[in-house]
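Only this structure's heavy atoms are used, side chains among them; waters, hydrogens and symmetry mates stay out.
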Amino acid sequence: MELNYVHPFRLAPRSFKCLQEQLADQLDITRPLPLEGVRSCAGVDLAYWKEGETERGVCSIVVIDNRTHEIMEQTMSIGTIQTPYIPGYLAFRELPLIAEAAEQLTVTPDVFLFDGNGTLHPRRMGIASHAAFFLNRPTVGVAKSYFKIGGIDFKMPGNEKGDFTDIRINGEVTGRALRTAEKVKPVFVSPGNRIDLESATQLVLSLVNKDSRLPVPIRLADLESRRLKREAK
DNA sequence: GCGACAG
DNA sequence: ATCTTGTCGC
């Protein structure tokens, strides 16, 4: 994949917020993305470990065929992590390795799914939203835990698969608590960019099964990144 | 200052 | 995210 990536980690941390605000103005989360047109889905995840004083990380991207759930392609990248984890700024920590792995893809996925938020973020610029600006593809954020914004709590959805509650930040519904399996802890879905919340919700529901409450591509990327980490240590 | 805090 | 044994349950 051809990317137009600019290393955000070379910016001073104080300018992280400024860049997020600038990019947020260019988001488009109004477009439906019909499931029928989605053939390939990429899942992205990272694993970390320490080598002395330096922190290392490995990123895995797994692309699956949306109909058969078979793996179409997978890529990886390993490197030193330059930025610490700061809530609200996860993208600056993880995007460098994600970009390296994405560049190696020979197929261009119809959509990318991330372990983390999209617009469910203080400045509507979670990692899924940020990544879309160099992937140039629709992106979706799927977080395993709730990132509280502006003191707003989420309402627990019903217990059936597909039940959800909207999460409204500053008068705008930016995400949902979604039950992806019966009586299982909900996940938090939000559009990254180039897709609307409803399409993102339906896509996530179409990609889960009884073995994982997370979309299959993310689950596979999680397993693979951990395997690569054990291999590298 | 205190607590909360995606991964 | 990661550190970690056993353990309850399908």
Side-chain angles (χ1 to χ4, degrees), chain A residues 8-9 13 16-17 19-20 23-24 27 43-62 76-99 101 112-132 139-154 167 169 174-178 180-193 197 200 204 209-215 217-233:
Chain A
F9 61 90
F16 286 177
K17 184 177 178 184
L19 177 56
Q20 288 180 335
L23 291 175
L27 289 173
V44 184
D45 199 20
L46 289 85
Y48 298 93
W49 71 97
K50 292 273 280 193
E51 281 183 13
E53 294 305 274
T54 66
E55 189 174 21
R56 303 273 292 169
V58 55
C59 172
S60 166
I61 297 181
V62 178
M76 63 86 91
S77 61
I78 294 186
T80 298
I81 302 301
Q82 299 284 349
T83 308
Y85 170 65
I86 305 167
Y89 301 94
L90 176 65
F92 297 93
R93 171 174 169 83
E94 302 199 329
L95 287 187
L97 284 181
I98 292 173
F112 283 81
L113 294 102
F114 290 80
D115 196 338
N117 292 312
T119 56
L120 190 55
H121 178 277
R123 291 165 292 283
R124 296 159 60 232
M125 277 299 298
I127 188 165
S129 299
H130 199 142
T139 61
V140 172
V142 184
K144 297 183 294 297
S145 64
Y146 182 56
F147 189 18
K148 194 171 181 177
I149 300 162
I152 303 298
D153 284 306
F154 74 95
I167 299 168
I169 308 293
T174 54
R176 284 173 174 167
L178 175 68
T180 54
E182 188 181 346
K183 294 174 183 172
V184 164
K185 200 172 129 184
V187 298
F188 301 88
V189 178
S190 57
N193 197 6
L197 177 56
V204 168
N209 59 40
K210 62 185 172 192
D211 296 321
S212 77
R213 70 178 180 118
L214 291 177
I218 295 180
R219 176 63 178 150
L220 293 178
D222 175 65
L223 291 171
E224 179 63 5
S225 64
R226 294 186 200 221
R227 191 190 68 75
L228 289 166
K229 163 185 162 178
R230 292 199 306 271
E231 194 175 87
K233 282 179 81 168

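- When heavy atoms are screened at a 4.0 angstrom cut-off, A:Tyr146 is found touching the sugar-phosphate backbone but no base atom.
- One interatomic measurement links the two molecules: NE2 of A:His121 to C1' of B:dA6, which rounds to 8 Å at whole-angstrom precision.
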Give the C-alpha distance, both sets of side-chain angles, the deciding distance and a yes or no for side-chain hydrogen bond (donor to acceptor under 3.5 Å, both in side chains) between A:Thr80 and A:Arg56. CA-CA 4 Å; A:Thr80 298; A:Arg56 303 273 292 169; 3.3 Å; yes

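- A distance cut-off of 5.5 Å between ring centres, combined with a plane angle under 30°, places A:Tyr85 in a stacking arrangement with the base of B:dG7.
- Here the C1' atom of nucleotide B:dG7 and the CG atom of A:Leu120 are 14 Å apart, to the nearest Å.
- Remark: P of C:dA1 and NZ of A:Lys50 are 17 Å apart, rounded to the nearest angstrom.
- Nucleic acid contact class of A:Asn117 (heavy atoms, under 4.0 Å, all strands): base.
- Proximity of A:Ser145 to the phosphate of B:dC5: no side-chain N or O atom is located under 4.0 Å from OP1 or OP2.
- Among the protein residues, A:Gly57 comes within range of no part of the nucleic acid, since none of its heavy atoms lies under 4.0 Å from any strand.
- Among the heavy atoms of the strands lying under 4.0 Å from A:Tyr89 is at least one base atom, whether or not backbone atoms are also near.
- Taking the six-membered ring where the residue is Trp, A:Phe147 and A:His121 present perpendicular rings, their angle passing 60° and hence far from 30°.
- OP1 or OP2 of C:dT2 has at least one side-chain nitrogen or oxygen of A:Lys229 nearer than 4.0 Å.
- Applying the 4.0 Å criterion to OP1 and OP2 of C:dC3, one finds that A:Lys233 has a side-chain N or O inside that range.
- The side chain of A:Phe147 lies closest to B:dA6, out of B:dG7, C:dA1, B:dA6.
- Rounded to whole Å, the distance from CD1 on A:Ile167 to P on B:dA6 is 13 Å.
- Sparse packing is recorded around NZ of A:Lys17, with 12 or fewer heavy atoms of other residues, nucleotides or ligands lying under 6.0 Å away.
- Taking only side-chain atoms of A:Ala47, from C-beta outward, the nucleotide of C:dT2, B:dA6, B:dC5 with the closest atom is C:dT2.
- Each of A:Arg93, A:Arg226, A:Glu94 was scored for a side chain to side chain contact (heavy atoms under 4.5 Å, CB included) with A:Leu46, with one residue passing: A:Glu94.
- In this structure, A:Arg93 does not reach the B:dA6 phosphate: none of its side-chain N or O atoms is under 4.0 Å from OP1 or OP2.
- Within the 4.0 angstrom heavy-atom criterion, no nucleotide atom of any strand lies near A:Ile86.
- In this structure, A:Tyr89 and A:Phe16 have tilted ring planes: the angle between them lies in the 30° to 60° band.
- Shown are A:Asp45, A:Val62, A:Val44; of these, the side chain to side chain contact (heavy atoms under 4.5 Å, CB included) with A:Ser225 is made only by A:Asp45.
- Between the NE2 atom of A:His130 and the P atom of B:dG7 there is a distance of 18 Å, given to the nearest Å.
- As a whole-Å value, the separation of A:Ile169 CD1 from B:dA6 P is 14 Å.
- B:dG7 atom P lies 9 Å from atom CG of A:Leu214, rounded to whole Å.
- At C:dA1, one or more side-chain N or O atoms of A:Lys144 fall inside 4.0 Å of OP1 or OP2 (strictly under the cut-off).
- Across the protein-nucleic acid pair, A:Arg123 atom CZ and B:dA6 atom P stand 14 Å apart, rounded to whole Å.
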